[in-house]
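Heads up: the structure comes next, in structure tokens.
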Amino acid sequence: METIEREDGGRKMDVSGSVPPAREGTPGAPADPLAYEGVWRFTAPAVEESVPQARRAVRDLLGRQGVPADRDLVYSLLLIVSELVTNTVRHAALLSPEVAVEVAIGRAWVRVAVEDDHPYRPKALEADFGQTGGRGLLLVRELTLEAGGVCDVEHTSTGGKVIWAALPLTAPAR
């Protein structure tokens with residue numbers, strides 16, 4: 001089992017990978033994976049046209065797999081993907097001509113991740129209200145926290161980075 005923890009040590013979320021099949025007659029054995037569980041990955045050129053393509057691909061995947069996600073969760077996931085792919089196109093394309101998008105779906109969560117080859121690890125900044133941009137990662141962080149999820153930025157083994165957000169399929173108790 002893998003557990004993801006926010007950097008501030010806050011709430012944890014179980015994001016177990018594929019669940020092994022249950023053995024008949026074994027008490028407490030994990031259930032068989034649900035039809036919508038799995039991991040999908042696609043790549044696209046780091047160009048502006050890839051932003052709506054990535055958003056459509058994720059939306060279509062969620063629908064095709066029959067993921068039990070409410071409308072608000074789907075909108076949040078699509079906005080997160082849009083922001084992260086846009087950041088790669090705007091800030092990493094010179095060193096990373098390709099962007100990878102991964103969607104991992106578990107029994108009770110969805111994780112979207114965007115990976116590029118640029119080594120810079122961005123941080124969510126509070127942008128000047130006079131600016132028209134610069135709030136993408138802040139928006140991703142707030143959408144994720146509001147949904148009861150977790151997000152982070154990690155370095156890859158190839159020197160790039162992956163930015164991900166994992167959101168629960170059920171809304172957090174308020």
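FYI, the numbering just counts along the sequence from 1.
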Before accepting this row, confirm whether a basic side-chain N of the pair Arg90/Glu48 lies closer than 4.0 Å to the acidic partner's carboxylate O.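 Salt bridge flag = no for Glu48 with Arg90.
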
So does Arg64 have more than 12 non-hydrogen atoms from other groups sitting under 6.0 Å from CZ?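 For Arg64, atom CZ is crowded (more than 12 foreign heavy atoms under 6.0 Å).
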
Any sub-3.5 Å donor-acceptor pair from [X]'s side-chain atoms to [Y]'s backbone N or O?
| X | Y | value |
| --- | --- | --- |
| Ser50 | Pro45 | yes |
| Thr156 | Gly160 | yes |
| Thr86 | Ser82 | yes |

Which heavy-atom pair separates [X] from [Y] by the least distance, and what is that distance?
| X | Y | result |
| --- | --- | --- |
| Ala166 | Thr144 | O-CG2, 4.2 Å |
| Val74 | Ala69 | CG2-CB, 3.8 Å |
| His118 | Ser96 | N-CB, 4.0 Å |

Under the side-chain contact (heavy atoms from CB on, under 4.5 Å) test against Leu77, which residue among Leu143, Leu167, Asp72 passes?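 That would be Leu167.
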
With Ile105, which of Leu62, Val112, Val39, Leu34 fulfils side-chain contact (heavy atoms from CB on, under 4.5 Å)?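 Of the listed residues Leu62, Val112, Val39, Leu34, the side-chain contact (heavy atoms from CB on, under 4.5 Å) partner of Ile105 is Leu62.
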
Within this structure, what is the [atom1]-[atom2] distance for the pair [X] and [Y], rounded to the nearest 0.5 Å?
| X | Y | atom1 | atom2 | value |
| --- | --- | --- | --- | --- |
| Ser76 | Arg71 | OG | CZ | 11.0 Å |
| Tyr75 | Arg59 | OH | CZ | 10.0 Å |
| Leu139 | Leu84 | CG | CG | 9.5 Å |
| Asp117 | Thr158 | CG | OG1 | 5.0 Å |
| Asp116 | Glu98 | CG | CD | 11.0 Å |

Are the side chains of Leu138 and Arg141 in contact, using a 4.5 Å heavy-atom criterion?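 Yes, at least one pair of side-chain atoms sits under 4.5 Å.
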
Are side-chain heavy atoms of Val67 and Leu169 found at a separation under 4.5 Å?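 Side-chain contact under 4.5 Å: yes.
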
Determine whether Leu137 and Asn87 satisfy the following criterion, side-chain contact (heavy atoms from CB on, under 4.5 Å), listing intermediate values before the conclusion. CA-CA 9 Å; Leu137 286 178; Asn87 285 352; 3.8 Å; yes

Stepwise side-chain contact (heavy atoms from CB on, under 4.5 Å) check, Arg41 with Val101: CA-CA 6 Å; Arg41 183 178 175 89; Val101 177; over 6 Å; no

I'd like to know if Val110 and Phe42 are part of one continuous hydrophobic network [Ile/Leu/Val/Met/Phe/Trp/Tyr, side-chain heavy atoms within less than 4.5 Å].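 Yes, Phe42 connects to Val110 through the hydrophobic network.
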
Membership question, hydrophobic clusters at under 4.5 Å side-chain separation (ILVMFWY): are Trp40 and Val114 in the same one?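 Yes.
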
Answer yes if the side chains of Glu154 and Trp164 hold a donor-acceptor pair under 3.5 Å, and no otherwise.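 Side-chain D/A pair, Glu154 to Trp164: present.
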
